[in-house]
There are 2 protein chains.
Amino acid sequence: MIRVLLAEDQGMVRGALASLLGLEPDIDVVAQVARGDEVLAAARSVDPDVALLDIEMPGATGLEALAELRGALPGCRILILTTFGRPGYLRRAMETGASGFLLKDAPAQELASAIRRAVAGERVVDPGLAAAALSEGESPLTAREHEVLAASRNYATVADIAGALYLSPGTVRNHLSSVMQKLDARNRAEALKFAEEKGWL
Amino acid sequence: MIRVLLAEDQGMVRGALASLLGLEPDIDVVAQVARGDEVLAAARSVDPDVALLDIEMPGATGLEALAELRGALPGCRILILTTFGRPGYLRRAMETGASGFLLKDAPAQELASAIRRAVAGERVVDPGLAAAALSEGESPLTAREHEVLAASRNYATVADIAGALYLSPGTVRNHLSSVMQKLDARNRAEALKFAEEKGWL
DNA sequence: GCCACGTCATGACATCTGTCATGGCTGATT
DNA sequence: AATCAGCCATGACAGATGTCATGACGTGGC
């Protein structure tokens, strides 16, 4: 019997996935959590064979929960299940030790088979997505550029960003300019769009 | 037996919801589609009692499919199931004749009961979301302002927007200026963010 | 007929943005 | 010691953006 922990914030989807897995005779959903920061405690208490983690969750992302789990329960296989086939997500997940990366777009039957393959020690990745990840590669941005770009999502003007990061407005503009050149964008907004599409956030 | 049509683009979620509904003795999922523009044809062929529609789908949105269905199969109850509790979505859905509006955040058990209540003629809406919709009201934007703002998602510069809509750059700036004042935004980007959060798109 | 409103447009203005050159500082590499 | 990349900052410049006044046109309501 394969013991599965299920982490997914949307109640409807979580319940539905549980019922889907409940149809499998060799799979048992032993824990369900709705927040990223509840994954570790739940996993410690039930010691699952496989953890199925959504990425977008309150508290902590699935990728953060993945890192915690790897440290605390090295024997537990981890599958990431997400809406977005962002190559950056895939790369980070696999580098952090995930056993697989599933898209919610994939057919429902693949879920159970992915779990069985993960338990058998295989790594499960959508082939097309893997190719995209390799071709698109990592973010070309430096840590600071990444930070400034991320802050520009929440603050409307350069002055606001500068205030939030304790930088001079000129520095913020320089960083953003560098970001735009690297991403071949004509705009802060366009740069943001491109970075989000690639999963670099 | 309640005959249900299920429209949801993500295969994993669609299959999971189907299995969830399959547990209910009085509910039968008689059709599944992955695209908004396949809803009508499928509904015509199986004549379901209830159509469960996701909003975000390729081909046509759930709200568009809703409008088609109301015209073609007036007896069919329609439930909207979506990730985003945007008051604008809710308002449009209910005005177009939906029997209910469910959030994927809600507990899984609510799905079956919502379907039964819809069949019984009730209208099913999350109380908190309904209150938010009433308080936030409708979009204050005119049709043209709305259109220009929407176009600014896809085009980076004023010149691009103007070209796409066959307007002069000055006119586009005027419309956007008016939008920003109405939404109390300091930016095109901020205005876009606000409008998206409210579901005015 | 008059008025309000939405649409489209132009021109002028102030401000914001993005680019570039330049320079100082740090830490890592050679 | 010398070099390089990243980080921070400043100043100057061009171009984009947002605001405002103004005016034309059509529609619909009173």
Side-chain angles (χ1 to χ4, degrees), chain A residues 88 91-92 95 136-201, chain B residues 88 91-92 95 136-201:
Chain A
R91 170 179 293 269
R92 263 184 286 166
E95 281 172 356
E136 296 203 352
E138 280 182 272
S139 166
L141 306 181
T142 69
R144 206 56 169 158
E145 286 164 356
H146 180 275
E147 198 174 347
V148 172
L149 184 63
S152 78
R153 285 184 306 174
N154 306 323
Y155 300 95
T157 69
V158 169
D160 289 349
I161 301 171
L165 299 181
Y166 302 102
L167 292 175
S168 93
T171 302
V172 170
R173 289 201 282 157
N174 286 339
H175 281 308
L176 287 176
S177 179
S178 162
V179 166
M180 289 182 278
Q181 285 181 319
K182 286 180 179 177
L183 301 190
D184 196 24
R186 287 172 300 173
N187 255 340
R188 205 183 316 176
E190 205 175 36
L192 212 41
K193 204 175 70 174
F194 289 168
E196 279 182 346
E197 282 169 3
K198 302 241 180 178
W200 297 332
L201 197 130
Chain B
R91 170 179 292 271
R92 262 183 287 166
E95 281 174 355
E136 296 202 352
E138 279 182 90
S139 165
L141 306 181
T142 68
R144 207 56 168 157
E145 285 164 356
H146 180 275
E147 198 174 348
V148 172
L149 184 63
S152 79
R153 286 184 305 176
N154 306 323
Y155 299 94
T157 70
V158 168
D160 290 349
I161 301 171
L165 299 182
Y166 303 102
L167 292 175
S168 94
T171 302
V172 170
R173 290 202 281 159
N174 286 339
H175 281 309
L176 287 175
S177 178
S178 161
V179 167
M180 290 182 277
Q181 284 181 320
K182 287 181 179 176
L183 302 189
D184 196 23
R186 287 171 300 173
N187 257 340
R188 206 183 314 177
E190 204 175 35
L192 212 41
K193 204 175 71 174
F194 290 167
E196 278 182 346
E197 282 169 3
K198 302 241 180 177
W200 297 334
L201 198 127

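A, B, ... follow the sequence lines: proteins, then strands. Residue 1 opens every chain. Atom set for the values below is all heavy atoms of this structure, side chains included, hydrogens, waters and symmetry mates excluded.
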- Message: Could you work out, with side-chain contact (heavy atoms from CB on, under 4.5 Å) as the rule, every residue matching B:Ser168, not counting sequence neighbours?
- Response: B:Thr171
- Taking DNA chain D as the partner, which of residues 176-196 of chain A come within under 4.0 angstrom of it by heavy atom? none
- Query: In whole angstrom, what separates B:Glu145's CD from D:dT19's P?
  - Reply: 13 Å
- Minimum-distance pair of heavy atoms, taken over all atoms of A:Pro140 and A:Lys182: O-NZ, 3.2 Å
- Is any side-chain heavy atom of A:Trp200 less than 4.5 Å from a side-chain heavy atom of A:Leu183? yes
- Going by heavy atoms in the side chains, are A:Val158 and A:Arg188 under 4.5 Å from each other? yes
- Note on the structure: Between the CG atom in A:Leu192 and the OG atom in A:Ser152, the distance rounded to the nearest 0.5 Å is 4.5 Å
- Is there side-chain contact between B:His175 and B:Ile161, with heavy atoms separated by less than 4.5 Å? no
- Nearest 0.5 Å please: distance from the NZ atom of B:Lys198 over to the CZ atom of B:Arg91. 11.5 Å
Would you tabulate the nitrogen or oxygen pairs shorter than 3.5 Å linking the protein to nucleotides 8-11 of chain D?
residue : atom : partner  : partner atom : Å
D:dC8   : OP1  : A:Arg144 : NE           : 3.0
D:dC8   : OP1  : A:Arg144 : NH2          : 3.1
D:dC8   : OP2  : A:Arg144 : NE           : 2.7
D:dC8   : OP2  : A:His175 : NE2          : 3.2
D:dA9   : OP2  : A:Ser168 : N            : 2.7
D:dA9   : OP2  : A:Thr171 : OG1          : 3.2
D:dA9   : N6   : A:Asn174 : ND2          : 3.3
D:dT10  : O4   : A:Asn174 : ND2          : 3.0

- Please identify each residue that fulfils side chain to side chain donor-acceptor pair (under 3.5 Å) with A:Glu147, with sequence neighbours left out. A:Arg144
- Query: Sub-3.5 Å donor-acceptor pair from the side chain of A:Ser177 to the main-chain atoms of A:Asn174, do we have one?
  - Reply: no
Name the pairs: protein N/O against N/O of nucleotides 26-30 of chain C, kept only if under 3.5 Å.
none

- Just how large is the angle between the end axes of the helix from C:dG1-D:dC30 to C:dT30-D:dA1, five pairs per end, to 10 degrees? 30°
- Message: Just verifying a value: how many Å separate A:Glu190 CD and B:Asp160 CG, rounded to the nearest 0.5 Å?
- Response: 8.0 Å
- Side-chain touch A:Val179/A:Val148, heavy atoms, less than 4.5 angstrom: no
- Note on the structure: To the nearest 0.5 Å, atom CZ of B:Phe194 lies from atom CE of B:Met180 at 12.0 Å
